[in-house]
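The structure under discussion appears below in the form of structure tokens.
In this text, all values refer to a predicted model and were calculated from it rather than measured experimentally. Just so it is clear: chains get the letters A, B, ... in the order the sequence lines come, proteins before strands, and each one is counted from 1.
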2 protein chains.
Amino acid sequence: MATDDLMTRALDALGDDGPLSAEAIHHLAGLGDLGDLPGTMTIAEVAGLLDISPHTLRYYERAGLVEVARDGNGHRLYDAEAVRRLVFLTRMRLSGMPMRDLRHYISLVDAGAHTVPERLEVLVEHRDTIRRRIRELTLSLTAVEYKIATYGGSAGPDVQTLGAAR
Amino acid sequence: MATDDLMTRALDALGDDGPLSAEAIHHLAGLGDLGDLPGTMTIAEVAGLLDISPHTLRYYERAGLVEVARDGNGHRLYDAEAVRRLVFLTRMRLSGMPMRDLRHYISLVDAGAHTVPERLEVLVEHRDTIRRRIRELTLSLTAVEYKIATYGGSAGPDVQTLGAAR
DNA sequence: CTACGCCTTCGAGCGCGCTCGAACGCAAAC
DNA sequence: GTTTGCGTTCGAGCGCGCTCGAAGGCGTAG
């Protein structure tokens with residue numbers, strides 16, 4: 001499958017709500033070019049990069065999702081691999097994957113290459129979950145738009161008329 | 001805006017994942033024809049209709065979202081208006097509106113017709129929230145699909161290459 | 001008469017994902 | 001030398017949305 005396909009689909013799906021937010025581009029493009037990551041980063045830098053709090057980063061570490069080295073002062077030093085993993089983790093969190101599943105996935109990664117098939121299963125399952133959620137939300141969106149268009153309070157004309165009006 | 005427009009958009013957005021689930025149709029069509037609702041329903045009937053637990057229905061009542069009458073035995077009797085409101089409430093919950101906002105909205109409804117503009121504001125804001133969430137999820141979906149297609153573990157080729165491949 | 005099943009109220013508990021506060025360490029700035 | 005600022009660990013707390021359990025009432029079936 002061509003990369004362009006995916007890009008195009010994502011862009012198309014953006015619809016009529018104006019240009020991409022900087023944040024959206026950020027996440028789509030994988031937070032810029034991961035090639036020019038410094039060798040190591042501080043917790044504040046990673047927090048800024050991922051737009052999450054240092055508290056949350058420590059929490060992810062406690063949860064066993066990443067191992068992070070310390071410098072001479074005991075301060076965290078995130079190497080490129082840790083940062084890459086955290087980019088992945090935050091993307092998955094953002095898309096609604098529960099911590100539980102993330103822990104499972106990471107345990108597979110850490111268990112070695114023979115777990116690749118199972119990792120793919122997890123990803124495929126999550127992909128399907130995202131698709132379901134998008135469909136749910138699209139349906140809800142339609143209902144809300146309809147309600148706005150024909151507003152009549154909580155007991156006003158409701159979406160059931162949609163079916164009849166077909 | 002024509003009803004058909006909304007219907008078509010919802011249907012189009014369903015994409016390539018097979019036919020609509022019964023549940024999806026259920027919710028899109030507003031749980032069937034609300035016209036043939038019985039005059040009153042028991043808690044079990046409403047729970048079945050909305051696919052939520054009686055516990056949750058009692059919780060919504062405690063939360064002040066609906067008032068429900070009692071029969072001679074103290075059992076809840078949901079009239080058509082209560083059911084219609086609960087249909088609305090569960091749809092909004094499903095689309096991610098927090099209880100807090102739902103309480104606010106319902107307080108507006110109960111406050112009378114002069115709150116209609118503010119109710120519309122709430123709905124429009126929620127609509128925008130849903131749209132943002134759909135866009136977020138679409139982006140995440142693209143990332144996950146890309147990862148599945150080019151799988152290389154949590155540190156494998158990641159979506160940042162998407163930007164470069166443009 | 002008793003058991004079953006569904007209902008009631010009330011308050012407590014839970015799973016999730018953070019989020020925070022306390023108490024402290026180290027280092028550069030003033 | 002003290003203040004400022006950023007970091008550390010640890011455990012507790014929180015907001016959300018349910019979810020459950022206990023203790024009991026009522027009506028029908030056997």
For the residue pair [X] and [Y], establish whether any side-chain heavy-atom pair is separated by less than 4.5 Å.
X: T42(B); Y: Y78(B); value: no
X: D79(A); Y: R84(A); value: no
X: M41(B); Y: L77(B); value: no

Remember a base hit wins even if backbone is also touched, and classify [X] as base, sugar-phosphate or nothing at under 4.0 Å, heavy atoms.
X: P54(B); result: nothing
X: R70(A); result: sugar-phosphate
X: A63(A); result: nothing
X: R58(B); result: base

Quiz item: Taking only side-chain nitrogens and oxygens of N73(A), does any of them come within less than 4.0 Å of OP1 or OP2 of dA27(C)?
Solution: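 For dA27(C), OP1/OP2 do have a side-chain N/O of N73(A) under 4.0 Å.
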Quiz item: Can you tell me how far C1' of dC6(C) sits from CE of M41(B), to the nearest Å?
Solution: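 After rounding, the reported distance stands at 16 Å.
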Does one side chain, of [X] or [Y], offer a donor that lies under 3.5 Å from an acceptor on the other?
X: R132(A); Y: T129(A); result: yes
X: E121(A); Y: H126(A); result: no
X: Y151(B); Y: R119(A); result: yes

Quiz item: With nearest nucleotides of DNA chain D determined for R103(B) and H75(B) from heavy-atom distances, which residue corresponds to the more 5′ nucleotide?
Solution: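 In this pair, the answer is R103(B).
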Quiz item: If you walk 5' to 3' along DNA chain D, what is the first nucleotide with an atom under 4.0 Å of a heavy atom in chain A, and what is the last?
Solution: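 Here the contact window of chain A covers dG7(D) to dG11(D).
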